[in-house]
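Here is the structure we will look at, set down as C-alpha cells.
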Amino acid sequence: MLKSETYDVIVVGAGHAGCEAAHAAATMGSRVLLVTMNMETIAKMSCNPAMGGVAKGQIVREIDALGGMSGLITDRTAIQFRMLNRSKGVAMWSPRAQSDRWRFSEEWRLTLEQNPNVDFFQDSVTGLTLENNKITGVTTGMGVEFKGKTVVLTTGTFLSGLIHIGRKQFGGGRMGESASFGITKQLKDLGFESGRMKTGTPPRVDGRSLDYSKMEEQPGDENPAKFSYLKSSRALSRQRSCYITYTNGQVHETLREGFEDSPMYNGTIQSLGPRYCPSIEDKINRFAERDRHQIFVEPEGWNTIEVYVNGFSTSLPDHIQEKALRQIPGFEKAKIFRPGYAIEYDYFPPTQLKLSLETKLIDGLFFAGQINGTTGYEEAAAQGLVAGINAARKVQEQNAIVLRRDQAYIGVLVDDLVNKGTDEPYRMFTSRAEYRISLRQDNADERLTPIGAEIGLASQERLQEFEKRQQETRAISEYLQTHNASPENFNAQNTQSAPISEKTRLHKLLLRPEISLQDLSQDPEIAKQLNSISQDPEAIERAEILAKYHTYIEREKENALKLQRLESLSIPLDFDYKQLRAMSIESREKLSKLRPATIGQAQRISGVSPSDVSVLLVHFGR
C-alpha cells in the first residue's frame, strides 16, 4: 500500500458487500484498496451463522455463477447443508448452509490476501474527496488521504450506529466495535437524502448449558449438495445438527414485563426494522393469537460451544432476556454469552442510484449493502459484486453490467431498489421475481457464467465445466425426447402411476407429477443409457426440470421478450417530463426525480400507470 498511488477502486468496509466488491474488481484487473475499521473482522457474520435460504440461496448460486466467492467460501466452511422446499415446485427450491462463523471470516480474508491486486488499510473512513462532482479518493480518521478513481461505500450498520439493550444506549456499528461518523453529514451536504433503519440480533448462549433432549433435532440433508458449481468445491461428508424448540405462554408473559423498557415500544427507536425477521417482542405483539413460536438452535461452528438462538432477536433489558430464555424447553439452565440487541444506523434511499449502483449525484461513487436499505448477507454480497464489477468497468471505460429481471434474482434486487426504493429493510423473496421458474437455483450458471467469463471474472475452469454440463444436459434432453418406455417395463416398475398401453416418449411420462427420472431409471436399459451420457447429478436434474416445466419456462421467456422491447427504448436523462400534460402529476414528479434510462425502467416505478407509459410511447413515436 502506497499513499502516493492512485487506486482504481477503493472499497470502504469489509463486510459481505465489501469483500465481494474488492474481489470482483481485483480479479478483473483493477488495483484495489480495501479500507476496514478492523482487519480481524473481515466478512464477519454479524447475525446468524448461515448463508442462503428461500430466494437468498438462489442469490448465492448466482454470485458463484458470475465468479464471485460467497458460494465457494460457504462450501469450504459449512457445517450443515439443506435444500429447503424440496416438497414444493422447483422455483421454490432454495439451498441453505450453516457456517462456521470464524472459519468463514478467516477464509474470506485469506482469499483476499491471495489476490495480488488487493491492498489493505485498517482505519475508519471519515470523508470523501471530490473534484467537480467526481470522486477522487477518501480520507481516514487518522488523517490519511488515499486517491481513487472510484469508491464503493459498503458501510453496513456502522454509519452513526446506535445500539439498544432496554433503556441502555451506546454507539457502535456492532457489539464491541465503534460506529463511523462523518460520511453521512458530507453526503447530505452534497444533496443526498438519508434515513434511519434498524435491525437486531438474538442472544448467544453456552451450548453446554442446554438440554438438547427436550428439543427436536434438525439434521442436514442425507445427500448434501453445495453452493458452488465448481467441481473443486466438495459437498460435506459430515455435518452438525441444529435443533428446534418453542416459546410458550409463560415466556410471552415474561417478555411483556419488559415492554415499557423496550426501545421499540417506549419510542426510543422510531426507525423501521425488517418486516420478515421481526424481534421476539414484535412476534408476540403482532401475533398475539399464537401460543408459541419456533426457536432454531444453531451451532456457531465445528468446535465452539457458542450457540445462536435464531428466532429470539430482541432489544429487551438483559435480565428480561435471561428470565424468558430460561422458560424455553431445553434452556432452563442457559448461560448467556452476550445479550441480544437492536441497532439503528444511517442509510441512503437507493432511488438515488443508477442500475450500476453508481450514485447519480457523484461520478465514480458506488453504494452497496445495507447503506442501500437492504438486510441480509446475501443481498449485501450481491450488491457488492455488482458495484465492484461496475467500478472496475468504469475505470476501464466499458459499459456497466446491468442484469435484467428475467436474468437473475440479483437483477430483481437491484431493479427493485433503484426503481421502487424502500423505506424498510429490503429482503429478497421468490415472490418478488415474476420469472422465478426461469430463475431457479439449478440453472444460475446457464444464465450468468457466460457473462462472468466475458467480463473477466469467471475463470476458464468454470466456463469449461459449465459448457460440459450444458452439453450433457442437452444430450439427456434429446434422449428423453427420442426414446420410449415400453408398457411392460413401465407398468411393472411404476405401479403408483396410470399404466400405459403403448410405447411412450420418456419426456411425456415426465410430465406426470408422480413420475421422476429416477423412477424411469428403474428400467435397466434407460439407466444404462443415461449413465453413458452423464454421471453429473446436476446435469441430470436440470434435464428433468426442463422436461417437466418446459411449457411454463417457454411462457416466461415470451413474457420477458415483450418487456425487453421496452428496455430498448431509451429516454434522455435530461428529458423534461413537465411537458407531458396527459400524464398524471404524480408520475411527472416521480419520473423527474428518478430519471429512468428506459421506458421499461419507467414502467416499474411505483405510481407510474400503464396509461402514463402509453403517453411516453406516443411522445417518443413508438
Side-chain angles (χ1 to χ4, degrees), residues 45-50 79-80 98 101 163-170 172 174-176 198-218 240-266 268-269 273-274 276-301 304-343:
M45 293 177 139
S46 304
C47 205
N48 62 322
I79 63 174
Q80 186 194 89
Q98 287 293 131
R101 186 188 299 276
I163 291 173
H164 300 263
I165 303 176
R167 293 188 180 272
K168 301 173 187 174
Q169 296 178 22
F170 46 93
R174 197 159 41 204
M175 183 67 83
K198 90 159 189 74
T199 189
T201 193
R204 271 61 157 191
V205 302
D206 186 336
R208 298 172 301 183
S209 65
L210 304 182
D211 184 353
Y212 292 102
S213 67
K214 297 181 178 179
M215 307 178 196
E216 303 170 16
E217 185 175 7
Q218 188 182 48
R240 281 200 69 176
S241 288
C242 297
Y243 293 83
I244 298 174
T245 184
Y246 298 87
T247 63
N248 51 52
Q250 189 180 11
V251 174
H252 298 177
E253 284 305 310
T254 298
L255 292 169
R256 288 190 182 97
E257 292 175 14
F259 273 19
E260 65 179 32
D261 293 320
S262 169
M264 287 186 297
Y265 291 95
N266 62 25
T268 306
I269 294 179
Y276 302 102
C277 189
S279 64
I280 188 64
E281 50 263 45
D282 250 357
K283 288 179 186 177
I284 65 171
N285 186 52
R286 285 163 50 188
F287 308 106
E289 74 283 0
R290 297 190 183 179
D291 56 9
R292 69 174 192 172
H293 294 281
Q294 266 188 334
I295 300 295
F296 296 91
V297 183
E298 302 176 344
E300 298 252 345
T304 181
I305 59 171
E306 189 170 355
V307 168
Y308 181 86
V309 190
N310 195 345
F312 204 87
S313 176
T314 181
S315 59
L316 289 170
D318 47 359
H319 69 279
I320 295 290
Q321 294 185 35
E322 183 175 30
K323 182 180 177 182
L325 265 179
R326 289 184 172 176
Q327 293 166 338
I328 296 173
F331 279 74
E332 292 85 356
K333 298 180 181 179
K335 296 178 181 178
I336 295 180
F337 278 177
R338 60 183 185 272
Y341 62 88
I343 181 168

What closest approach, in Å, do [X] and [Y] show between heavy atoms, and which atom pair accounts for it?
X: V307; Y: G207; result: CG2-CA, 3.7 Å
X: D318; Y: I165; result: N-CG2, 4.0 Å
X: Y246; Y: Q294; result: CE2-CG, 3.2 Å
X: T304; Y: R240; result: O-NH1, 3.7 Å
X: N310; Y: E298; result: ND2-OE2, 3.0 Å
X: P278; Y: S313; result: O-CB, 4.5 Å

* To do: State whether the number of non-hydrogen atoms from other residues, nucleotides or ligands found under 6.0 Å of R292 atom CZ is greater than 12.
  =>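 For R292, atom CZ is not crowded (no more than 12 foreign heavy atoms under 6.0 Å).
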Flag side-chain contact, heavy atom, 4.5 Å: [X] against [Y]:
X: K198; Y: H164; value: no
X: I328; Y: F312; value: yes
X: M175; Y: F170; value: yes
X: R256; Y: H252; value: yes
X: F331; Y: E322; value: no

Once rounded to the nearest 0.5 Å, what's the spacing between atom [atom1] of [X] and atom [atom2] of [Y]?
X: I320; Y: L255; atom1: CD1; atom2: CG; value: 8.0 Å
X: E216; Y: F296; atom1: CD; atom2: CZ; value: 9.5 Å
X: S213; Y: Y243; atom1: OG; atom2: OH; value: 10.0 Å
X: D261; Y: L316; atom1: CG; atom2: CG; value: 8.5 Å
X: I79; Y: C242; atom1: CD1; atom2: SG; value: 6.5 Å

* Asked: Would Q321 and T314 satisfy side chain to side chain donor-acceptor pair (under 3.5 Å), going step by step from the backbone distance to the final call?
  -> CA-CA 8 Å; Q321 294 185 35; T314 181; 4.6 Å; no
* **Given R208, K335, R338, the one that forms salt bridge (charged side-chain N to carboxylate O under 4.0 Å, His left out) with E306** =>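 That would be R338; it is the only one of R208, K335, R338 passing the salt bridge (charged side-chain N to carboxylate O under 4.0 Å, His left out) with E306.
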* **Member of V251, N248, T247 meeting the side-chain contact (heavy atoms from CB on, under 4.5 Å) criterion with H293** => T247
Hey, does the side chain of [X] reach the backbone of [Y] with a donor-acceptor pair shorter than 3.5 angstrom?
X: R167; Y: E260; value: yes
X: E332; Y: D211; value: no
X: Y308; Y: P49; value: no

* Derivation and outcome, side chain to side chain contact (heavy atoms under 4.5 Å, CB included), residues T245 and K214 -> CA-CA 8 Å; T245 184; K214 297 181 178 179; over 6 Å; no
